[in-house]
Amino acid sequence: MTLFHTLGFPRVGQQRELKWALESFWAGNSTQQELLDVAHSQRLANWQRQLQAGADFITAGDFALYDHVLNTSYLFGHLPERARHGDDALNQLFLAARGRTPCGCTSHASEMTKWFDTNYHYLVPECRAEDEFRLQPELLLEEIRAARAVYPKVKAVVLGPLSYLYLGKSLDNSNRLNLLPKLLPLYSELFALLKAEGVDWLQLDEPILALDLPSDWAQAFEPAYHTLRNNGLNLLLTTYFNGLEDNLSLALNLPVQGVHLDLVSAPEQLTPALDRIGPYKVLSVGVIDGRNIWRSDLNAIRESLLEAKQQLGERLWLGTSCSLLHVPYDAASESQLPDGVGQWLAFAQQKLEEGVLLRDALNNSDVLSSATWQAQANAIQARRTSTAVHKAAVKQRAADAAAFDWQRDLPFSERAVLQQQLLKLPLFPTTTIGSFPQTSGIRQLRRRFKQGELTLAEYEDGLKAEIVHAIRVQEQIGLDVLVHGEAERNDMVEYFGEQLEGVAVSANGWVQSYGSRCVKPPIIYGDIERPQPMTVRWSEFAQSQTDKRMKGMLTGPVTILKWAFVRDDQPWSATAYQLAAVLRDEVQDLERAGIRIIQVDEPALREGLPLRKAAHQQYLQWAVNSFRFSVTGVAADTQIHTHMCYADFDDILPAIQGMDADVITLETARSASKLLATLQSSPYNNGIGPGVYDIHSPNIPAAEAMLAILRDSLAVVAPENLWVNPDCGLKTRRWEEVIPALEAMVAVALELREEVKVTEQA
Ligand code: GLN
Ligand code: ZN
């Protein structure tokens with residue numbers, strides 16, 4: 001019989017129970033036991049869901065209070081030295097993750113980075129040549145025992161040794177691969193312990209096999225896995241997020257009992273896998289999408305698997321493509337969505353049901369005539385033909401846009417002259433990235449409005465007062481280009497999602513971003529239209545309050561796409577051009593309303609890069625062209641800004657230049673020298689504002705540090721192109737921090753203007 005299993009389950013809780021429990025514990029308002037009680041009831045609920053749905057295994061070891069990579073570091077006694085404080089495991093985990101414990105100890109937090117190309121962030125393991133490992137299995141074993149008390153067939157999950165080391169960073173420039181011989185014996189030891197606990201299968205995640213792996217890493221797999229002694233434990237090597245391509249044979253030849261492939265992202269690997277799998281191994285096929293929220297077309301999936309079923313029989317397993325960590329819990333609670341969209345969604349709960357239904361249909365064709373099977377097929381059909389999804393004119397406009405190479409009418413050098421005539425900005429103009437502190441006042445306004453305590457008019461008056469306050473502060477500080485502060489936006493993507501047709505905002509579609517942080521990605525389900533302008537009246541109002549120039553503020557097409565659940569029935573690029581089309585209309589409406597500086601943020605452009613290099617060029621082509629489609633409908637003297645939040649631009653600088661924004665502001669304060677070195681080797685010719693201070697820190701930035709960044713910038717940027725700004729939005733800061741920081745920044749700009757004047761006179 002074919003089995004069904006999931007690679008992992010969400011853990012924040014359907015109502016974000018774990019989030020609230022963590023935050024309460026960190027704030028000192030609850031005990032460790034109270035936190036653990038909530039955590040344990042969440043993982044218990046996960047197992048019960050899997051069991052009740054009829055999964056063949058329940059998965060354990062996927063739970064984490066903060067992050068599963070951090071748990072792996074703990075498991076192998078490899079937390080940073082500074083976090084190994086006292087012998088309380090939770091204190092150590094939180095000290096590593098957050099740089100502080102409830103008991104008041106502090107150190108610096110570990111670096112966090114994106115888990116592959118998802119919006120989940122993991123804590124980067126820190127490696128040094130002399131590192132030693134030590135097995136600390138008690139947290140994992142406790143979880144496994146708790147799971148086995150629910151159901152004896154438990155599949156444990158652990159991050160594999162090569163992926164663990166690869167995802168780490170070296171603090172001393174040593175090769176992390178050299179740590180492998182020290183780490184492997186602990187895996188063998190762990191296998192023996194798991195076997196002794198009654199675990200039959202261990203899922204060993206090796207997602208790095210889906211990357212362009214450096215050859216020494218790829219070559220390390222075979223000897224490493226031959227060294228592991230599995231002690232009779234069955235190993236399922238899992239890969240996801242991409243096809244294995246050149247690593248496919250490598251993976252299938254490893255001495256493990258099963259291999260899992262992600263057939264959602266790379267269905268084409270099934271045929272070669274069937275050719276190469278051999279006579280003994282289990283092939284687990286990830287066919288239920290673990291990263292997106294659409295119901296599966298089970299008929300189509302079943303048909304695609306018939307040959308595999310025939311060849312492999314019970315050695316064919318079904319799984320989710322990756323862990324369900326990346327989707328919310330239960331779509332049954334989404335009854336408020338427009339256009340019947342709720343019927344088309346599968347969150348984690350529905351994915352379990354789909355997997356089990358598909359399994360049953362593969363094992364027994366009678367299932368094909370069941371009502372559940374039919375209902376699933378009907379939902380797929382309804383979505384495919386819905387008039388809320390398909391709008392011919394919208395599709396046509398996007399297709400036409402994609403076929404055209406969008407450019408401003410004049411080159412930057414000529415636009416810059418015209419813009420200067422209009423805007424009359426000083427040398428080294430000062431500005432900010434868009435958001436100002438989301439104060440408790442603003443949050444309270446929003447809450448009271450949502451709960452019906454405030455009328456719309458009262459709510460908006462409150463927001464206007466916040467905007468006026470932000471403007472007065474900026475005027476007082478002496479900034480040159482002002483922003484309204486984004487008080488009306490809860491989130492830079494959701495705000496637009498709420499206003500666009502074809503995009504739905506769920507009530508409870510929370511997904512963990514990191515630790516206790518969750519996001520609620522909007523759901524792009526249909527062809528996109530803008531019933532009315534989205535930001536114009538706020539920008540207009542703000543402009544009416546000041547004589548300084550007000551910068552309009554939009555979120556770009558690629559960023560909306562990357563931070564949403566995207567429809568899977570057309571290429572991403574088609575959806576990007578649809579978003580760009582409505583943004584283009586918005587940009588033109590802003591211009592018409594007299595807003596002549598307009599920023600279109602694309603912080604997610606860099607993280608949208610596909611995992612494999614071979615796909616980069618194609619992505620950058622549509623990402624950049626759709627951005628240009630959104631901003632090229634304006635007069636030459638309207639100034640287009642963009643903003644990005646990532647400092648590693650080496651590999652995409654030509655694409656960024658290709659966006660041809662008049663000004664780009666960048667997050668650089670933590671690595672300005674790196675950006676400047678990049679600019680040295682490939683110059684950037686339009687306006688640029690390398691962030692002069694790090695907004696993530698509450699500290700007032702030192703004038704010397706800001707001046708140094710600007711002076712260094714002048715070596716690679718023409719003075720008339722250099723802007724002065726912080727490195728990101730100020731939404732997470734307090735006014736008490738923002739005001740002195742911006743005062744210091746403006747003072748630095750004035751000083752630099754003086755310096756340049758003196759040199760010119762001399
Ligand atoms: N305009 C946004 C802000 O200032 C940009 C945020 C971002 O780059 N992530 O908040
Ligand atoms: Zn940013």
Side-chain angles (χ1 to χ4, degrees), residues 112-114 119 121 430-439 442-443 463 466-467 470-471 473-474 479 481-497 513-514 517 519 521-522 534-535 538-539 542 550-564 583 586-587 590 595 597-608 627 630-631 640-649 652 656 659 661 663-672 675 688-697 723 725-735 737-738 741-742 745:
M112 223 167 22
T113 196
K114 297 226 169 203
N119 285 328
H121 302 70
T430 54
T431 191
T432 61
I433 307 304
S435 59
F436 273 119
Q438 284 270 334
T439 57
I442 297 177
R443 283 197 299 263
L463 293 176
E466 292 286 343
I467 290 171
I471 291 170
V473 170
Q474 294 173 85
L479 285 152
V481 172
L482 310 196
V483 298
H484 74 287
E486 303 180 23
E488 79 287 10
R489 305 182 190 179
N490 41 359
D491 175 273
M492 66 187 285
V493 170
E494 187 170 291
Y495 182 73
F496 293 93
S513 170
Y514 63 88
R517 273 276 300 180
V519 294
M534 302 180 283
T535 64
W538 296 108
S539 287
M550 183 61 60
K551 178 160 68 167
M553 199 62 58
L554 303 172
T555 303
V558 179
T559 299
I560 295 183
L561 195 70
K562 183 69 196 156
W563 292 350
L583 288 165
E586 185 76 12
V587 166
L590 280 168
I595 307 297
I597 304 180
I598 301 167
Q599 177 170 314
V600 179
D601 289 326
E602 282 291 24
L605 190 112
R606 172 70 176 68
E607 67 182 62
F627 173 85
S630 68
V631 297
I640 298 293
H641 288 219
T642 191
H643 166 73
M644 288 187 196
C645 292
Y646 201 87
D648 272 325
F649 291 111
I652 60 161
I656 294 181
M659 292 165 77
V663 180
I664 183 168
T665 57
L666 293 168
E667 176 177 316
T668 50
R670 282 186 283 188
S671 55
L675 172 76
I688 182 165
V692 295
Y693 78 86
D694 175 8
I695 61 94
H696 301 95
S697 161
W723 283 66
N725 45 263
D727 75 347
C728 196
L730 298 163
K731 154 180 183 164
T732 56
R733 296 264 66 90
R734 297 178 304 139
W735 280 112
E737 297 155 352
V738 164
L742 290 178
M745 186 188 86

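Numbers for residues simply follow the sequence, beginning at 1. Below, all heavy atoms of this structure are taken into account, side chains as well, without hydrogens, waters or symmetry copies. One-based numbering, in listed order, for ligands and for the atoms of each.
Of all N/O/S atoms in His643, NE2 sits nearest the Zn ion (ligand 2).
Shortest non-hydrogen contact noted between Pro522 and Trp563 is CD-O, 3.7 Å. Across all their heavy atoms, Thr642 and Glu602 have their closest contact at OG1-N, 3.7 Å. The heavy-atom pair separating Leu730 from Thr432 by the smallest distance is CD1-CG2, 4.2 Å. Summarising the geometry of Thr439 relative to Glu466, their closest heavy-atom pair is OG1-OE2, 3.9 Å, with the distance given to 0.1 Å.
Closest to atom 2 (C) of ligand 1 by heavy atom, among Asp601, Thr665, Thr559, is Asp601. With Glu602, Met492, Gln438, Glu667 as candidates, the residue nearest to atom 6 (C) of ligand 1 on a non-hydrogen basis is Met492.
Considering backbone and side-chain N/O atoms, Ile433 comes within less than 3.5 Å of an N/O atom of ligand 1. Taking any N or O of Trp563, backbone or side chain, none lies under 3.5 Å from an N or O belonging to ligand 1. Polar contact check, Gln599 against ligand 1: no nitrogen or oxygen pair lies under 3.5 Å apart.
The proximity of Met644 to ligand 1, defined as any non-hydrogen pair under 4.0 Å, does not occur for either the backbone or the side chain. At a 4.0 Å heavy-atom cut-off, ligand 1 touches Ser435 through backbone and side chain alike. Contact annotation: for His643 versus ligand 1, heavy atoms closer than 4.0 Å belong to the side chain alone.
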Begin with the C-alpha distance, continue with both residues' side-chain angles, and end with the deciding distance and a verdict on salt bridge (charged side-chain N to carboxylate O under 4.0 Å, His left out) for Lys731 and Glu486.
CA-CA 9 Å; Lys731 154 180 183 164; Glu486 303 180 23; over 6 Å; no
Report the C-alpha separation of Tyr495 and Thr555 in whole Å, then their side-chain angles, then the decisive distance to 0.1 Å, and conclude whether the side chain to side chain contact (heavy atoms under 4.5 Å, CB included) test is met.
CA-CA 9 Å; Tyr495 182 73; Thr555 303; over 6 Å; no
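Taking a 4.0 Å cut-off on heavy atoms, Lys731 fails to register as neighbouring ligand 1.
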